[in-house]
Amino acid sequence: MEDPPKPKHDHNLLKFPRGFLWGVATSAFQTEGENVYSDWWQWEQKNLPEIDRSKMAANEYYLYEEDFKIAQELNLNAYRLSLEWSRIEPTEGKFVDSEIDHYKKVLESLNKKGFKVALTLHHFSNPLWFAKLGGWANRKSPFYFERFVKKIVPEYKKFVDLWITINEPITYTYLAYRTSVFPPAKKSWWRFLNATLNMARAHKKAYRIIHELVDGAKVGFANNVTSYSAFHEHKLLSNLSAYFANLFSNHFFYKLIGNTNDFLGLNYYMNKYITENSTQSLLPDIVDIKKGQADISDLGWEVFPEGIFKVLMDFSDYKLPIYITENGIASTNDDRRVRFLLSYLKEVYHAIELKVPVKGYFYWSLIDNMELASGFSPRFGLVEVDFKTQKRTLRPSASVYADIAKNNGILHHMLKLLGHSTRVKDVIKEL
Ligand code: BGC
């Protein structure tokens, strides 16, 4: 007997726009090791258990060449990294030439391998001298940052494609001055507000300097964006709370810096359900879905691919090119990372189909690294790092990402990986 005709199954590749950047994101303090002149280093020695301190981290200060080769083998065409300000200016006003040269070699190596470079100038860590002077709550902080920026931009301008002045300013000030998990851990609304305003001033100064020194520079900052949903869709107050949470945490910094942005850098990790306030506090209530059935990462963050679509649609209103400057999952189960990558990228694809100008995606992170305030157990890497030997081992998710980068999109058969590869007959024994 002839086989019945096969059902038509001709889905296309989910093709991304030509020239799309497929990258990875990293930061200096979390990977380099021995950043002894940083406020974070000093904070760790006093406040974190030995096991959670950065120590040699992923030894990236010495192993960068090896890791860039891995990224190249994964067909990536973009790389986001940060400078460690405390290495370049370990003492106030004194710049160290050998460290400036070190980062020149690093950036040159990326250029030679054909990567577009996104360079972050400030990623959570400060020089100790700066912290001792009051850190970002000091009204002179924008001036100190400006002096650093003036020094380094002429040195690195020929290597950099995207300048990211500050990583997640509001997250930084919130963690440093509200929840106190980042140094200086001084809880104060006043300091929080001052530090946030100072970071906005610092960004504006850096924006202006980079444009003065580099023709056609592209300058922005990396914003930590959260998708907010009303927990009870039918309740007006729930919706209003979600609306204000979105306005403040996602959009406020843009109001402070005006139009000093050539692109939007969005770091997306979190989804939050918001409900109307049940206390007298100013902040809306967040419903903890971890108690329910949600799919969560090893850090307890919900896996919610629709969220990246939501924030992309929301930010498309700015009419600026968008780069997803970070997105990733902490998981020791790499199958979850594979599903995470495919499901989030599918949503990015849908946003692009709807004309949202997304120009690139940087997975956080290429290698496992030290998660500030949580140590080495959260595993974000496409590449596993054995922190005792510093050995790198590619995880299967690295091959999946390499395949996507090679095809500039997701081949249809890759979508099979979204399932749990469970066969029906294994679940239902008697058919
Ligand atoms: C930060 C990274 C951090 C990552 C995962 C981002 O908010 O920029 O430094 O490791 O989230 O928590």
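Since we're looking at a predicted model, the values are computed, not measured. Order of appearance sets the numbers: ligands from 1, and atoms from 1 within every ligand. Reckoned from all heavy atoms, side chains included, excluding hydrogens, waters and symmetry mates.
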Test of ring centre spacing under 6.0 Å for Tyr344 and Phe340: yes

Proximity of Tyr254 and Phe221 rings by center, below 6.0 Å: yes

Identity and distance of the protein heavy atom lying nearest atom 3 (C) of ligand 1: Glu371 OE1, 3.6 Å

Minimum-distance protein heavy atom relative to atom 7 (O) of ligand 1: Glu168 OE2, 2.6 Å

Lys NZ or Arg CZ of Arg337 over Tyr363 ring: under 6.0 Å, within 45°: no

Sub-4.0 Å heavy-atom contact, Tyr268 with ligand 1: no

Nearest-neighbour protein heavy atom for atom 9 (O) of ligand 1, which is reported as residue plus atom name and distance: Gln30 OE1, 2.7 Å

Location of contacts on Tyr172 toward ligand 1, heavy atoms closer than 4.0 Å: neither

Distance flag, aromatic centroids of Phe159 and Tyr156, threshold under 6.0 Å: no

Between Tyr37 and Trp129, ring centroids under 6.0 Å: no

Backbone or side-chain N or O of Ser27 under 3.5 Å from ligand 1 N or O: no

Nearest non-hydrogen protein atom, atom 6 (C) of ligand 1: Glu326 OE1, 3.0 Å

Per-atom contacts of ligand 1 with Phe124, taking only distances under 4.0 Å to non-hydrogen atoms: 1 (C), 8 (O), 9 (O)

Enumerated ligand 1 atoms positioned under 4.0 Å from heavy atoms of His123: 1 (C), 2 (C), 8 (O), 9 (O)

Glu92/Lys132 salt bridge by N-O under 4.0 Å criterion: no

Contact partition for Asn167 relative to ligand 1, non-hydrogen atoms under 4.0 Å: side chain

Ring-ring centroid check Phe362 Trp364, cutoff 6.0 Å: no

Nearest-neighbour protein heavy atom for atom 4 (C) of ligand 1, which is reported as residue plus atom name and distance: Tyr269 OH, 3.4 Å

